[in-house]
Amino acid sequence: MTQAEKEQESGKEKEKERDKEKEKEQQRGVKRPIAPAAIPETLQEQIQSNFIIVIHPGSRTLRIGRATDTLPVAVPHVIARRHKQSGQPRFEDAWLLREGLNKPESNEQRQNGLKMVDQAIWSKKMSNGVRRTPVSAEQARAYNCQIRPAILDSSSRVKWTNTSQCPPYLVGEEALYVNPSDCYNIHWPIVRGQLNIHSGPGGSLTAVLADLETIWSYIIQKHLDIPMKDLKYYRCILLVPDIYNRQHVKEMVNMLLLNMGFSAIIVHQESVCATFGSGLSSACVVDVGDQKTSICCVEDGVSHRNSRLCLAYGGSDVTRTFFWLLQRAGFPYRDCQLTRGHDCQLLQHLKETFCHLDQDISGLQDHEFQTRFPEAPALLFQIRLGDEKLQAPMGLFYPTTFGIVGQKMTSLQHRSQGDSEDPHDEHYLLATQNKQDQSSKSAADRKAVSRPGGCLEGEMSCQGRMGEMSDMPRGCGSGVGSNAGGGGVMHGDIELGPAQGDCLIGAGEVEEPLSTHLSRKTAIISQFESKALGLDKAVLHSIDCCASDETKRKMYSSILVVGGGLLFHGAQEFLLHRIINKMPPSFRRLVDNVEVITRPKDMDPRLISWKGGAVLACLDTTQEMWIHQREWQRFGVRMLRERAAFVW
């Protein structure tokens, strides 16, 4: 046989082996990746950033713009929809009010939280070494109760939105200024980072998605000057929360690609985009929004799944607490009500103007503010305030001050419950893999039995135990199973990494039956999620859940604060002081420099995540992450598992 014939024969044998290997993989249920879209090189070069729209949907504000824009368009994320029938009762989604505030224990909890805040204020010395002198609310109240407003103008020059043409909907600022007597319902489609699904009017998933589509389409046409028919030439980058609801994300992608008509989409997490926008390779991202606070450790463009935490409070809770403190101090605008949108806007403005986290500012101080409402005169109020300006933002560190009772205050990353459109998901792979493992072990057992001699009982009992363990949910038991999130402990639908498991349960304990271990874990997780962690404790917990000391050291040296909920004077120094005081003593020696970054590159922290989405559009590595419209029509949600830059 010649050398050429030998090589040909060898090639045929290798090809047969590859075919056999593929058949074995299919039998085991191994997932074959979807081939990337066949896009010619010339077309890839033609993808320009000005044809990419970056969408960052917040609970209170929508930020949207071309990737080439210096700043995004920022509008209130709200829509007013006209009643379909006359005489229909008016419905308005709450702005500052929320469930859990009117329980019998709420007031007592607020008072206890305020005592802790006052103790913390008194215990920290000012920069001159002197302790602050507490100022009681009664001192300010005596003055404020005597105040009467001065009339600046008989007309405030603020008008209700003109609805004489009976438009079917109004968006943004126009929706906020709809006269309550007009026949419109007011909807905020996103609440605490998730779709605002509830049992009231407009609270179904279909209605909320319709509101999002209407708002986004209107802004794209009016503010970006892009006709809807031209969206087939545009691509979209959608920013989603770190702890996301898979069903909600799937429906939004479906809406953007199939309903609105974008040609392709990338879905990415807010925390990772925040590191892109700030130019940091690694950071512990603290995103304090209007209604939720999310914390996550990001390293080299990857969000550590075990470090993700979402706290169910934010800037609006500080605003509501500030109003409660203002009332205790004799707030001179006595008609203020949390059920009215204009009063909520006023309180938001007062919080942003007066509140701070600077311990050196003490004593009573006089301020003034104006009210300008439609069909009312413009008024000027005088007000005297003391510690109220510091107490309200400190609620972020002592959340019992918010008075929220009986609500889930902390969320961890949830494991997928499966999707009917994606039958070959991780659950399928895990089940088929377990069966394959069991059959392999059974074959090994039979071979071991057939071997003459040897102590087989111990081997067989060990194999039997391993077979039982392989039937457990992934991550249950020590060192069994693999984990897409980096190896962890799972019960029900909540996944905890090894570090989080140690944080909540404690490591190195005496062995106990599995059922006892899981029931204890369930109780501890439930207790943990019902607890309202302060911002500083949540940051420490998130960093402590990182796998290695080297990663933890990186995170302590780069704590990035984004979002608009912590925009207070002195916030950077205040958070830094609390982190250093509470971090584990072992790390104080290891970490050279603990740093809190609130304005990277002197940018507005509210825009950093959006800016990161725009940076993402310009990266070369982005090309393989695009999900095209035809691919989505053919493969559906499986494309997110294949193309998303995070574990779906």
Side-chain angles (χ1 to χ4, degrees), residues 59-60 94 96-121 123-124 191-194 241-243 284 286-296 308-325 328 338 347-348 351 355-357 387-412 503-504 525-544 559 561 563-568 571 574-575 577-579 581-582:
S59 304
R60 193 58 51 202
L96 295 180
L97 293 173
R98 58 182 291 176
E99 290 183 12
L101 294 174
N102 297 319
K103 300 290 172 78
E105 309 93 341
S106 294
N107 197 49
E108 183 184 352
Q109 189 166 299
R110 267 193 292 264
Q111 298 290 352
N112 291 337
L114 191 58
K115 284 177 187 174
M116 289 190 282
V117 167
D118 288 338
Q119 179 62 30
I121 291 173
S123 62
K124 186 177 182 292
V191 62
R192 275 177 277 291
Q194 307 293 337
D242 302 320
I243 296 181
C284 176
V286 183
D287 185 352
V288 188
D290 183 75
Q291 298 179 7
K292 61 130 175 104
T293 299
S294 58
I295 300 161
C296 178
R308 296 176 200 161
L309 279 176
C310 183
L311 310 173
Y313 59 77
S316 61
D317 296 284
V318 175
T319 304
R320 190 183 58 254
T321 302
F322 188 46
F323 176 54
W324 173 62
L325 294 168
R328 291 172 79 245
L338 293 179
L347 292 169
Q348 190 93 357
K351 177 197 73 175
C355 288
H356 62 84
L357 281 167
D387 288 344
E388 294 82 11
K389 298 177 292 182
L390 177 58
Q391 289 167 334
M394 279 188 71
L396 293 169
F397 301 90
Y398 298 92
T400 49
T401 314
F402 298 143
I404 303 163
V405 176
Q407 298 294 304
K408 182 176 172 181
M409 296 301 291
T410 305
S411 297
L412 303 172
C503 290
L504 299 186
I525 290 170
S526 177
Q527 185 182 359
F528 179 77
E529 290 200 319
S530 64
K531 210 174 10 175
L533 285 179
L535 187 59
D536 49 346
K537 290 181 181 176
V539 171
L540 292 166
H541 180 87
S542 178
I543 294 176
D544 197 43
I559 298 170
V561 181
L566 202 63
L567 285 177
F568 302 112
F574 190 89
L575 180 58
H577 174 265
R578 292 186 71 91
I579 295 289
N581 278 2
K582 294 189 177 183

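Treat the numbers as computed from the prediction; the structure is a model and nothing was measured.
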Shortest non-hydrogen pair, M409 vs K531, comes out as CB-O, 3.8 Å
Below 4.5 Å, heavy atoms only, C-beta onward: do L357 and L390 meet side chain to side chain?
yes
With distance as the sole test, does T293 use its side chain to make a donor-acceptor pair with the main-chain N or O of G314 at under 3.5 Å?
no
After noting the C-alpha distance and the side-chain angles of V539 and C284, does the key distance pass the side chain to side chain contact (heavy atoms under 4.5 Å, CB included) rule?
CA-CA 8 Å; V539 171; C284 176; 4.2 Å; yes
To the nearest 0.5 Å, atom CG of L96 lies from atom CD of Q291 at 9.0 Å
Starting from the C-alpha separation in whole Å, work towards a yes-or-no answer on salt bridge (charged side-chain N to carboxylate O under 4.0 Å, His left out) for R308 and D242.
CA-CA 7 Å; R308 296 176 200 161; D242 302 320; 6.0 Å; no
For the atom pair CG (N107) and CG (N102), what is the distance rounded to the nearest 0.5 Å?
10.5 Å
L412 and L309: side chain to side chain contact (heavy atoms under 4.5 Å, CB included), yes or no, with the steps?
CA-CA 5 Å; L412 303 172; L309 279 176; 3.4 Å; yes
With respect to V561, which candidate in L535, D287, L566 satisfies the side chain to side chain contact (heavy atoms under 4.5 Å, CB included) definition?
L566
Check the pair F568 / V318 against side chain to side chain contact (heavy atoms under 4.5 Å, CB included), numbers first and verdict last.
CA-CA 11 Å; F568 302 112; V318 175; 4.0 Å; yes
Mind listing the closest non-hydrogen atom pair of T410 and L533 along with its distance?
OG1-N, 4.2 Å
From R192 atom CZ to S411 atom OG, the distance as rounded to the nearest 0.5 Å:
10.5 Å
Side-chain donor-acceptor distances from residues 110-120 under 3.5 Å, at least two apart:
| unit_1 | atom_1 | unit_2 | atom_2 | d |
| --- | --- | --- | --- | --- |
| N112 | ND2 | E108 | O | 3.3 |
| D118 | OD1 | Q391 | NE2 | 2.8 |

Closer than 3.5 angstrom, by distance alone: can the side chain of S106 be matched with the main-chain N or O of G100 as a donor-acceptor pair?
yes
What pairs of residues pass the side chain to side chain donor-acceptor pair (under 3.5 Å) test when at least one of them lies in residues 309-320, not counting sequence neighbours?
R98-D317, D317-R320, T319-Q348, T319-K351
Indicate every side-chain donor-acceptor pair of residues 392-407 with a distance under 3.5 Å to a residue at least two apart or in another chain.
| unit_1 | atom_1 | unit_2 | atom_2 | d |
| --- | --- | --- | --- | --- |
| Y398 | OH | R578 | NH1 | 3.4 |
| Y398 | OH | R578 | NH2 | 3.0 |
| T401 | OG1 | Y398 | O | 2.7 |

At what distance, to the nearest 0.5 angstrom, does CD of E388 lie from CZ of R328?
7.5 Å
Could you tell me whether N581 atom CG has more than 12 heavy atoms of other residues or ligands within 6.0 Å of it?
yes
